[in-house]
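Read through the structure below, which is laid out as structure tokens, and then see the notes.
Every chain is numbered from 1, with letters handed out A, B, ... down the list of sequences. Computed from a prediction, not measured in an experiment: that's the story for all the values here.
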Amino acid sequence: MNKLSLDKEHLMQELLQGLKQLEGPKSEHRFSASGQRLQLLSTVLLPLPKALKKKRPPAKQFAGSGKVKNRATPVNLPVKLIKSEAILSEGVVLFSIILNKPLKASEPTLMDTTSFKLPSNPRIESYTKVNPVKLADAEIKYGPYENIPAFSSLPITVHYENNQPFVVVEELVQEIEISNWGNIYVTENYQLTHGGAKHKGGFSRLDFQARPGISGRASPRGLQACLPPRAYSVYYRDEIGNVSTSHLHLDKDKTELLFEPRCPLLGGWHVTFTIGYGVPLQDFVFRAADGQRYLRFPFGCPIQDVVVKKLVVTVVLPEGSKEPSVQVPFTVEESNEVKYSYLDSVGRIVVVLTKKNVVQEHNVFFEIYFKFNPMAMLVEPLMLVTGFFLFSIAYVAYARLEFSISKSSASYQARIQRAELIDVVGRTALIAGYARHGQRVKSRRCPASLMQGASTTDVQSRGTPLKHYDRYLILSRWAFNAPHGMHRLQSPQSTHRDPPDFKLHQEKT
Amino acid sequence: MGAKSDSGFTPSAMASLLSVQNSLPTSLRNFRIKTKQHEMLLRVSALMLIYVLAFATRLFSVLRYESMIHEFDPYFNYRTTLYLTQKGFYEFWNWFDYETWYPLGRIIGGTLYPGLMVTAALMYWALRLLSFAVHIRDVCVLTAPFFASNTTLVAYFFGKEIWDSGAGIVAAALIAICPGYISRSVAGSYDNEGVAIFALLFTFYLFVKAVKTGSLAWSVASAFAYFYMVSAWGGYIFIINLIPLYVLALLVTGRYSLRLYIAYNTMYILGMLLAMQIRFVGFQHVQSGEHMAAMGVFLLTQVFYMVNWVKDQLDNPKLFRTFLRMTVLSAVAVGGLALALGMATGYISPWTGRFYSLLDPTYAKDHIPIIASVSEHQPTAWSSFMFDFHVLLILFPAGLYYCFKRLNDATIFLIIYGMTSLYFAGVMVRLILVAAPAMCLISAIAVSATLKNLFGLLRSKAQAAVTTKASGSAKGSSKGAIDQSLPLQKKGALVLVLGVFYLLMSYVIHCTWVTSEAYSSPSIVLAARQANGDKVIFDDFREAYYWLRHNTPEDAKVMSWWDYGYQITAMGNRTVIVDNNTWNNTHIATVGRAMSSYEDEAYEIMQELDVTYVLVVFGGVTGYSSDDINKFLWMVRIGGGVFPVIKEPDYLVNGDYRVDKGAAPKMLQCLMYKLCYYRFGELMTEYGRPPGWDRARGVEIGNKDIVLHHLEEALTTSNWIVRIYKVKPPKNRA
């Protein structure tokens, strides 16, 4: 069983959801420290269905606030239709109403009533009692209180059962990477928490599976993310790999990802994951009239029915972009970074937008304008081409050039001589060897093997020649040390007497 | 690359290079150069294709599943590589890991072979430097295929060195798809063996080259390759025993030469000094019994050198013979005495259990249950030889025949390598891997030599006179009699050629099938087919580890059987009591004892070990057969090996291992049974069966109402494969 204790933070969220209509670019609403009372409000944005565009009822403000009898003289207010592309959803128009007398909370309130509507048949454990307070069906009604001093507040706690899966995104880092080669790659890193009452005691899989209505009722069994249409290569993974519990529905207007967290999500449990996809560039990047390019992308979290406590949108512009400017229909924190990705030399400009407490209604389009020179696209391919070219050149140089330290050095000369000597010896030995084996000499084979013997310093190892070679290796080494090597070589008996000189070998190297 | 530097110096190669250059504008003039160019082109493109093929065939698992690390040990390697790339080499080298072997901890830098991690980290850093924004996981996943590709190149050069370039190409092609090698080098199998086989073959190649040339440069190169091998895998013991064996064989057969002396001494001394830099190996080269053969042979070569020198000095053969007898006797005596002294004083450590179990396959079964409990340490069945080698098994003897026909230093090496590794492959399943390159090389010689002979016969129609002799030295004498009946011979040759191609084709088909079906499963994700043919994925392991990672306190200690230790630390990021390192048998035995005790006793052990969670793997719902109940007897055995309180017969009924109603009473009440089957008795697993039907063992369980007093179920994954229990804190004193 999950119980929700409605603390200040939740109230704040609920209020936020309640006040979403009041929020707009010009609104100056603020919350007091307790987060419960509206202080100053001079502009109200009113979303109305399109059908009411013409037949809009007049907006009126009552002169005073408080008791009913003072509301007798309403004043008509100027109303403006706002032509914003930041459309909340299809078929809604926005009107801006400017109040001629700002709503203030700094004045003493004459009368106040607050009521909480709870889900039907709630199990209420407790609620703060500030008389007069009335509990009727699923509604707790506080008040009316009269003559309340300005800025006074009282915390109210209502403790009742609520089995909604309170999915809260603690932090969502969304990276939108624009590649001018035709794609936009979106990566969303989620830190998800079940914001409901903390789970206590054990977890029984048997009950969870067999009796879903009783056990783990508040656990979200499926989440839904609405991705842009024509999204492709959608993936859903986390730090340790792909998560296999997801389904993707594609149609013309939208891409729907239905997914489950990797492990069950009970009250207070956490899970992190990443959703990523690509979308075609032409769907979201356009050219402005002044030659600039701009990205027009939906802000906010694509998962339905969640509150995002902190949303960080990072837009990675293509390398070579300049002067980014952001247009968001509400206030966001803005900063810039530089990111290095594949084959980057100067790095890409990253625009970071941070906003706290984001709800569904923030899912509006935002725009980022930037300047981009199409020639910058060629930098990376040219770099690759140059790299390969240089590599080939280096290889050609390596193959064609002689890298020994000096051709006139004694060791080089000695090596050449040694190779020649071995060559001669090898040939002789081979002929001798084949001659001994009589029929093995073949008209075709013999020259070939001789050629082989000559082509490498190591004689093709075939029984007899090898032994000769072994001996002559010693011989030749020793021979070159002697002042008249070739001469000494002709008397092989003498070589048996002297051990081969290994100091010589070291000197040579 | 060896060939390159060689040809740079030889005049004839330079000449051919120049002539190639000259022939380009007037290519028609010199036809011979052109065929050489053709051959070169063919060879290079074939090698490139093989290189790509070796890489591509190992990607089945990435395509089927995802780019992920497989199995158990690779997770440890991945975790350490991650640490290396994040914290740098010095931190890695001095890493004391307190997340494993709680409360003992483990000095990671001193107890692992760092070659693999350093290789992957270097590749990662190099790619980053070239501004390729790759993830370290992908580098790790693709390390093994990349090194397998490199191994094909080494196999080519090795084959070329031993036989000819044709054999080299065939060897490269065979090893590229050899299942015995693929089993340990598919993408994601990020294990030491992946790079070690490359290092092993490379060391051998360089050493054979060094012996052949007597060049100091090649010997030094082989010493460095040996160093890389030592840094990468404990299997370096094989090299340091095989090379002395080879040298000894050469000495005994009278093939001692100065080249051998240079090659072996350089390689041994330098390789030994380099190997001492690896902390895990340390001074073992001079202190451990397993390395003493190399040292003995090293001394023996000195004796040989001296004897040869004296032989040159003394003219009198009689005098020399006495001298020889004296030296050999005294050398053996001194060596034996030194060895005995070293053993007696304990300076030289005796052979380890693993080494013994290689020489005597029954040793581990009787003495070290922890080695015997691992399936890859079992003796190899015939079927797995066929599975892993296929036609190589048939070609191997033929190749050996060719090697014996053309006996020289290089082929002798190959013969010794082939025979010893085949023996070891028979002792332990996992050592099939070491035998794979030898099998491929020897088989390549068989294929190449046979085809060469046969094609010689087939091509001989034009010049009948020459053909009879051109059939090759191998068959020259035997074919002499049949030479007269030319048409029949040609038909026979054709049939044989077709036969060889059929064999090779069936090898390719078999290899691809084995790779895709058997060796490309990550084993961390299980896949099964439903009745309607759909693939079902059981991702329970990761579900459990992920839950541990995010929903348990950071200092939680998880007790599980040691198999899952690496995975829990790598994926769950939680402290474990024991893991796959198995360095402390007592600690593992303690866990085994806890699992096989009654809950009360187990609770005391768990309190002593400060355990907060217990994780068991249970296949009763899915039919996953390598679960903890099936491994349980090993826990009993290993636990009983240290704590005699645990007796194996207590868990058996007349020698039978049962979990149903007829099971032993202790079995039905021990912790492992309780944790696996807790509330399982209420679950219907199969239609038409009673509740509590264990699908892995096909029985109805014997204890259906299990009550846990000291533990509570914390998480059971969606298919019940992993069950995690929380250990309750002790009760308050009333």
Side-chain angles (χ1 to χ4, degrees), chain A residues 201-206 208-210 237-245 262-264 268-272 340-345 387 399-400 402-404 415-416 419-420 423 439-440 442-445 451 454-458 461-463 466-467 470 473-474 496-500 505 509, chain B residues 4 6-13 16-17 65-69 130-133 212-214 216-217 257-259 309 312-313 406-410 466 469-470 473 476 524-525 537 539 542-547 549-551 570-571 679-680 682-683 712-718 720 723 726:
Chain A
F203 163 77
S204 170
R205 171 65 68 172
L206 186 76
F208 188 76
Q209 277 175 338
R237 57 177 300 139
D238 55 31
E239 295 117 296
I240 57 171
N242 181 51
V243 190
S244 49
T245 47
R262 193 187 271 285
C263 53
W269 287 11
H270 304 273
V271 74
T272 66
Y340 291 90
S341 184
Y342 288 93
L343 297 172
D344 283 355
S345 44
R400 297 296 166 104
E402 173 66 55
F403 280 102
S404 63
R415 211 196 305 240
I416 295 285
E420 280 168 13
D423 188 23
Q439 85 269 36
R440 280 212 169 179
K442 284 157 200 128
S443 53
R444 236 174 55 175
R445 178 165 295 268
M451 285 295 288
S455 67
T456 51
T457 45
D458 49 308
S461 35
R462 299 196 174 196
L466 198 65
K467 274 178 196 152
D470 285 346
L473 184 65
I474 305 167
H496 284 282
R497 289 282 151 79
D498 296 321
H505 197 63
T509 53
Chain B
K4 224 180 285 162
D6 232 8
S7 61
F9 294 121
T10 48
S12 61
S16 71
L17 204 78
Y65 297 89
E66 57 184 288
S67 163
M68 68 187 294
I69 307 284
L130 293 173
S131 74
F132 286 98
K212 238 174 140 179
T213 55
L216 210 55
S257 67
L258 205 56
R259 294 174 289 108
W309 181 70
D312 281 347
Q313 298 291 312
R406 195 205 273 185
L407 218 50
N408 59 34
D409 289 358
V466 189
K469 300 289 179 191
S473 53
I524 189 105
V525 180
I537 283 185
D539 205 355
R542 287 197 292 185
E543 182 182 341
Y545 299 144
Y546 204 67
W547 181 83
R549 190 189 186 104
H550 285 287
N551 296 307
M571 285 190 273
R679 297 199 69 184
F680 181 68
E682 300 166 39
L683 186 76
E712 69 179 4
E713 187 178 349
L715 180 89
T716 297
T717 55
S718 44
W720 291 57
R723 309 197 71 180
K726 190 175 192 308

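The OG1 atom of Thr717(B) lies 11.5 Å from the CH2 atom of Trp547(B); values are rounded to the nearest 0.5 Å.
When heavy atoms are compared at a cutoff of 4.5 Å, Ser345(A) does not approach chain B at all. Contacts between Asp344(A) and chain B at a heavy-atom distance below 4.5 Å involve the backbone alone (N, CA, C, O). Neither the backbone nor the side chain of Ile524(B) has a heavy atom closer than 4.5 Å to any heavy atom of chain A. With a 4.5 angstrom heavy-atom cutoff, Glu712(B) touches chain A only via side-chain atoms. Contact annotation for Glu66(B): only side-chain heavy atoms (C-beta onward) come within less than 4.5 Å of a heavy atom of chain A. Using a 4.5 Å cut-off between heavy atoms, Arg549(B) contacts chain A through its side chain alone, with no backbone atom that close.
Here the shortest heavy-atom pairing between Met571(B) and Ile240(A) reads CG-CG2, 3.7 Å. Nearest heavy-atom pair, Asp238(A) versus Thr272(A), reported as atom, atom and distance to 0.1 Å: CB-O, 3.5 Å. Here the closest non-hydrogen pair linking Trp720(B) and Arg205(A) is NE1-CG, 3.5 Å.
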If you apply the rule salt bridge (Lys or Arg N to Asp or Glu O under 4.0 Å), what do you find for Arg262(A) with Asp539(B), and how did you get there?
CA-CA 9 Å; Arg262(A) 193 187 271 285; Asp539(B) 205 355; 3.2 Å; yes
